[in-house]
Amino acid sequence: QVQLLESGGGSVQAGGSLRLSCARSGSIGRHNCMAWFRQFPGKEREGVAAIYPDSGGRHYADSVKGRFTVSHDDTDDTMYLQMNDLKPEDTAMYYCASDYVEYGIWYAPRFFENWGHGTQVTVSS
């Protein structure tokens, strides 16, 4: 069983920054990918960023590329999402996910079976 715990959400003004954390523990097994998703009220969950810790490979949604940076600390198996130049449209519940995922499909929620409970990010104009 894999456990994921997100933290770092909050309320900021447009142009501000937040740093989200996802601490992973438990039986990781073949898990090779950790990812951030977000969900707007009444909308489908969408991929934000992903990282393959063993290789350092990173992926981003077009909407956040250049503003967000995903990273992983191998010492405590924690994934981070540094979010800069936040916009009101970034307001959402952000979720951490972990699983074995082939390159190219990181953005699809259906390929992840392990999820955190989410942390809220609110950006005001």
key: Side-chain donor-acceptor pair present, S98, N114, cut-off under 3.5 Å   = no
ask   = Is atom CD of Q120 surrounded by more than 12 heavy atoms (other residues, nucleotides or ligands) closer than 6.0 Å?
value = yes
query = What pair of heavy atoms forms the shortest contact from A49 to V70, and how long is it?
reply = CB-CB, 4.0 Å
request  = Please assess H72 against D77 for the test side-chain contact (heavy atoms from CB on, under 4.5 Å), listing each intermediate value before the final yes or no.
outcome  = CA-CA 7 Å; H72 182 266; D77 199 16; 2.7 Å; yes
message = Using every non-hydrogen atom in the two residues, find where G8 and L18 come nearest and quote the distance to one decimal.
response = O-CD2, 3.9 Å
query = Charged N to carboxylate O below 4.0 Å: is that the case for R67 and D85?
reply = no
query = If you look at every heavy atom in F112 and A35, which pair is closest and at what distance?
reply = CZ-CB, 3.7 Å
inquiry  = I'd like to know if D90 pairs up with R38 as an ion pair, taking the criterion as any Lys NZ or Arg NE/NH1/NH2 lying under 4.0 Å from an Asp or Glu carboxylate oxygen.
reply    = yes
request  = Step by step, work out the side-chain contact (heavy atoms from CB on, under 4.5 Å) result for F40 and E46.
outcome  = CA-CA 9 Å; F40 310 109; E46 64 180 42; 3.6 Å; yes
query = Is the ring centre of W115 less than 6.0 Å from the ring centre of F37?
reply = yes
Closest heavy-atom pair and its distance - T119, E6 = CG2-CB, 4.0 Å
inquiry  = To the closest 0.5 Å, what do you measure between CG (L4) and CE (M79)?
reply    = 7.5 Å
message = Quick check: closest heavy atoms across P53 and I51, and the distance to 0.1 Å?
response = CD-O, 3.3 Å
request  = Test ring pair (Phe, Tyr, Trp, His ring centres under 6.0 Å) on Y103 and Y52 and set out the steps.
outcome  = CA-CA 9 Å; Y103 280 46; Y52 291 79; 4.1 Å; yes
inquiry  = Are M93 and V121 connected into the same hydrophobic cluster when the rule is that any two of I, L, V, M, F, W, Y join if their side-chain heavy atoms are below 4.5 Å apart?
reply    = no
key: Audit row: C96, M34, side-chain contact (heavy atoms from CB on, under 4.5 Å) steps and yes/no   = CA-CA 7 Å; C96 173; M34 297 181 71; 4.2 Å; yes
note = In terms of heavy-atom contacts, L81 and V48 come closest through CD2-CG1, 4.3 Å
